[in-house]
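The structure appears right after this line, and notes come after that.
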Amino acid sequence: MTERKIRVRFAPSPTGPLHMGGVRTALFNYLFAKHHGGDFLLRIEDTDQSRYVPGAEEYIVESLKWCGLIPDEGPGFGGNYGPYRQSERKELYAGYAQQLIDNGWAYYAFDTPENLDRLRAEAETDGQVFSYSQHTRMSLCNSLSLSVAEVEARLKNGDTYAIRFKMPEALEVTEEDMIRGSVTFNTRELDDKVLFKSDGMPTYHLANVVDDHLMEISHVIRGEEWLPSMPLHILLYRAFGWEKSKPRFAHLPLILKPQGKGKLSKRDGDKLGFPVFPLQWKDPETGETSRGYREDGYFSEAFLNILALLGWNPGTEQEIFSLSELSEIFSLERVVKSGSRFDPEKARWFNRSYLQMKPAAEVALLFRPVLSEKGIDLPDFKIVSIIEEIKDRCDFVADIWEHGYYFFEAPTEYDEKTIAKRWKTETPEQMDAIADLFGTIETWEALSIKDHFSTYMNHKGWNFGMVMNPLRLCLVGGNMGPDLFRICELLGKDETINRIRKAIERKKV
RNA sequence: GGUCCGUUCAUCUAAGGGUUAGGAUUCAAGAUUUUCAUUCUUGCCAUAGGGGUUCGAAUCCCCUACGGACUGCCA
C-alpha cells in the first residue's frame, strides 16, 4: 500500500467555466502529485448531458494550461488509462451497476421522476424532507418492494428504471480524512443514491468510484462539498470488493464569498467586483461575458500564489512561491480545516509583488502591445528605461500607462490644484528662463541637467520648490512622477523645451 | 428539519499545554522623496461564550452560540 504510485485526478464537470475554487483544487492535486513524484490526471465528468455546456471543456483545459498545471494524463494529454472523458466510457458503467444488483448492493427503482417530485413536494408542505432511503424504500416502487415476478415483467416490458444503492441499515462508517481526521457516519441517516440513471448514464457516484479504481487513483483530493458523500463512496469500494486499493480521501476547505454568506460559486460571475474565473468566459447561451484574472492583468504565477495560500500555508513566513517551490514544500498536513474568504486587496498585492520582481526588460515586452494599440512606437531601450522609472508605482502592467502616459504623449491638461498652488505671476518668466537654460545644455543627461539647473537657481537666488514644481507641471501635467531630471532626460531636450513653452502659452490664455 | 464539517486581528494565517498570541494584507501616523507613488519605521486590531481537565490551556473534553456544506435519475 505505501509503495503505491501516487496518482491523483482533477475531475471537473464541463457545466461552465472553472471558477477559482476549482483551480485551487486542481492546484492542490497537482502539487500533491508533483511533491510525491506522482501523476496528475484530468478527467472530464460529463455524465449529465443535460447540463453540458459547449466550450466548457476547452475552457478548463486552457485554464490549466495558463496556470501551468499540465496534466500527465487526460483528454488531449495522452495516458494509458483512457478515455478520460466519462461520456466516452459510457459502456463500461452498466456492467458495474449490474454487478451491484447481482451481489445485493443495489436495486432497480421504477419510480418516475414526477412521482418522486410529488413526494418531495408533499413532504415539504408537512415541513418534512423526503428521502429515498431504508426508511421509505419498501413503500416505493422498486425491486425490493415489488415481487420477483413483477420486477421481471417490468424489466421484460422495457420499463425505465434507475439503479439505486441499497444503503445498509445502522452501520457505522468511519474513514480517516487526511485533512479532517476521523469522520464517522451512520448509514441509518443516509439515503439510497441513484447510481445509474434511466438514460443509461451513471451518476457521479458510480462513475467516480469506478473510474478512480480503474485509473488506479491513490488519493482523492476534492472540495468539502463532497464530504457528505464519502461514506457512500467508501461503501461502494466495499461493495465492489476494492477496499484494499481504495484511495485515501482529503476534503479541502471551501473558498467563501468575501462578504455575505456562502461559498464562492460560478453564479457569482461578475457581481463581486473581482473575477471569480481564471479566464474570461462568454456564456454561449446568454452571450454574457464574465471577466477573468488573465484578462484583468494578473500574472498566472500571482494568481496561483494567491490560491496556494488560501487554505494552505508553509508554516514559515514566506509568501511568494513559484510553482516548483510549492511542489517541493506542499503537504496536505498544512491545509487548514476552515473555509477562507478571498481577499481581492491581497490578490492585488500579490500581483504587485510579481510585477516588481520582473526585470524591466520583461515587463517592457508585456507593455509593448499597449503602446502598439495606441500607435506609439519607441525603441526598446527607451521603453525599458521608462518602465524602470515607473514600475514601482504599478500593480499591473496596464498601470504603466496610467502612471507614465506623459512619457509617451505631452499632457493636454494641467492639474488645477497644482496650478493654484504653484503657478505664480513670476512663474512664466522663470519657466521661460529655464527653457533658455536647457537650450544651452550639451550633455542631455539627468545628472548634468541637474547640475546646470542648480547652478542657475543659486545664481538667480530662486526658490527650488517654486520652480521645480511648475516645471514638473509643464512636463507631466501634474505633481506626480519620478525624478524631474530623469524625466527631462527621457523626454529628450527638444521635447522638454517644447513642453515648457507650450505650457507657458496655455497658461496665458 | 436531519447529517456532517468548522470557529485566533476587518481579511489570509502562525503558535500542535508554558511566548508581551507572531507574520502578511488593509487602515492610520512619522521618515525619506524639494512632487506624487514607492520604500522604511511605528501604531491600531484577535483566541465566539460558558463549563470542565491541569500547577498552567488559543491548544485536550463537554455544552451553547454562530458559520458552512450536503440533503436531485446535478456534479
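Letters go in sequence order (proteins before strands), and every chain restarts at 1. All values reported here derive from a predicted model rather than from experimental measurement.
Within the nucleic acid shown, A/R348 has no heavy atom closer than 4.0 Å to any nucleic acid atom. At a threshold of 4.0 angstrom between heavy atoms, the contacts of A/R334 are confined to the sugar-phosphate backbone, with no base atom among them.
Taking atom P on both nucleotides, B/U33 is separated from B/A28 by 23 Å, rounded to a whole Å. Look at the C1' atom in both B/A14 and B/U47: the space between them is 13 Å, to the nearest Å. B/U11 sits 38 Å from B/C73 when the P atoms are compared, rounded to a whole Å. Atom name P, nucleotides B/U3 and B/C63: the rounded distance is 13 Å, in whole Å. B/G51 and B/C44 have their P atoms separated by 30 Å, with the value rounded to a whole Å. Comparing the P positions of B/C27 and B/G67 gives a spacing of 29 Å, expressed to the nearest Å. Comparing B/G6 with B/U42, their P atoms sit 38 Å apart, to the nearest whole Å.
For the ring-ring contact (aromatic ring centres under 6.0 Å, His included) criterion with A/Y298, the lone passing option out of A/F277, A/F303, A/Y293 is A/Y293.
The nucleotide B/C66 finds its pairing partner in B/G6, both defining distances of the Watson-Crick or G-U wobble pair being shorter than 3.5 Å. B/A14 is unpaired under the Watson-Crick or G-U wobble criterion, no partner having all donor-acceptor distances under 3.5 Å. Pairing for B/U42 is with B/A28, a Watson-Crick or G-U wobble pair whose two hydrogen-bonding atom distances lie under 3.5 Å. Here B/G1 sits opposite B/U71 as a Watson-Crick or G-U wobble pair (both hydrogen-bonding atom distances under 3.5 Å).
Salt bridge absent: A/R341 and A/D343 never bring a charged side-chain N and a carboxylate O closer than 4.0 Å. Note on A/E345 versus A/R348: no salt bridge recorded, every NZ/NE/NH1/NH2 to OD/OE distance being 4.0 Å or above. Ionic pairing of A/D46 and A/R85 is not present here: no N-O contact between side-chain nitrogen and carboxylate oxygen is shorter than 4.0 angstrom. Contact check on A/K358 versus A/E301 returns a salt bridge, with a Lys/Arg side-chain nitrogen under 4.0 Å from an Asp/Glu carboxylate oxygen. The pair A/E114-A/R118 fails the salt-bridge criterion, with no side-chain N (NZ, NE, NH1 or NH2) lying under 4.0 Å from an Asp/Glu carboxylate O.
Side-chain nitrogen and oxygen atoms of A/T47 include at least one within less than 4.0 Å of the OP1 or OP2 phosphate oxygen of B/A75. Remark: A/N469 is not in phosphate contact with B/U35, judged by side-chain N or O atoms under 4.0 Å from OP1 or OP2.
A/D159 and A/Y108 form no side-chain donor-acceptor contact under 3.5 Å, judged by distance and modelled atom types alone.
Counting heavy atoms from C-beta outward, A/M480 and A/D415 have side chains that stay 4.5 Å or more apart. Residues A/E175 and A/V183 are not in side-chain contact: their nearest non-hydrogen atoms beyond the backbone lie 4.5 Å or more apart.
Each of A/D483 and A/D392 has a nearest nucleotide on RNA chain B; the 5'-most of these lies closest to A/D483. Ranked by how close their nearest RNA chain B nucleotide is to the 5' end, A/M457 and A/S50 are led by A/M457.
Comparing B/U71, B/C70, B/G6 by their closest approach to the side chain of A/D191 singles out B/U71. In this structure, of B/G2, B/C73, B/A69, it is B/G2 that holds the atom nearest to the side chain of A/E189. Out of B/C5, B/C36, B/C73, the shortest distance to the side chain of A/V194 is found at B/C73. Residue A/K263 places its side chain closer to B/C70 than to any other of B/C70, B/U35, B/A75. The nucleotide whose nearest atom lies closest to any side-chain atom of A/R352 is, among B/C73, B/C36, B/U39, B/U39. Side chain of A/E224, nearest nucleotide from B/G68, B/C4, B/C36: B/G68. Nearest nucleotide to the side chain of A/K193, out of B/U71, B/C73, B/U7: B/U71. Candidate nucleotides B/G72, B/C74, B/C12 were compared by shortest atom distance to the side chain of A/T203, and B/C74 ranks first. The side chain of A/L254 approaches B/G68 more closely than any other nucleotide in the set B/U3, B/C36, B/G68. With distances taken from any side-chain atom of A/D48 to the nucleotides B/C74, B/C70, B/C4, the minimum falls on B/C74.
Taking atom CZ of A/R180 as the reference point, atom P of B/U3 lies 19 Å away to the nearest angstrom. One interatomic measurement links the two molecules: CZ of A/R341 to P of B/U7, which rounds to 14 Å at whole-angstrom precision. Distance CG (A/L119) to C1' (B/G72): 14 Å, rounded to an integer number of Å. Taking atom CG of residue A/L484 and atom P of nucleotide B/U35, one finds them 11 Å apart after rounding to whole Å. When the P atom of B/A69 is taken as reference, atom CG of A/L190 falls 19 Å away, rounded to whole Å. Distance, A/L307 CG to B/C12 C1': 13 Å, rounded to whole Å.
Between A/W281 and A/Y59, the ring center distance clears the sub-6.0 Å criterion.
A cation-pi contact, defined as under 6.0 Å to the ring centre and within 45° of the axis, links A/R164 to A/Y132.
Residues from residues 128-142 of chain A lying near RNA chain B, meaning a heavy-atom separation below 4.0 Å, are A/V129, A/F130 in numerical order.
Counting atom types as modelled, A/R472 pairs no side-chain N or O with a base atom of B/C36 as donor and acceptor under 3.5 Å. In this model, a side-chain donor or acceptor of A/R51 finds a partner on the base of B/C74 within 3.5 Å.
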Polar atom pairs (N or O), protein with nucleotides 22-28 of chain B, under 3.5 Å:
| unit_1 | atom_1 | unit_2 | atom_2 | d |
| --- | --- | --- | --- | --- |
| B/G23 | O4' | A/E317 | OE2 | 3.3 |
| B/A24 | O4' | A/E319 | OE2 | 3.2 |
| B/A24 | O2' | A/E319 | OE2 | 2.5 |
| B/A24 | O2' | A/K346 | NZ | 2.9 |
| B/A24 | N3 | A/K346 | NZ | 3.3 |
| B/U25 | OP1 | A/W349 | NE1 | 3.3 |

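The minimum heavy-atom distance between A/L227 and A/F185, with the atom names listed, is O-CZ, 3.6 Å.
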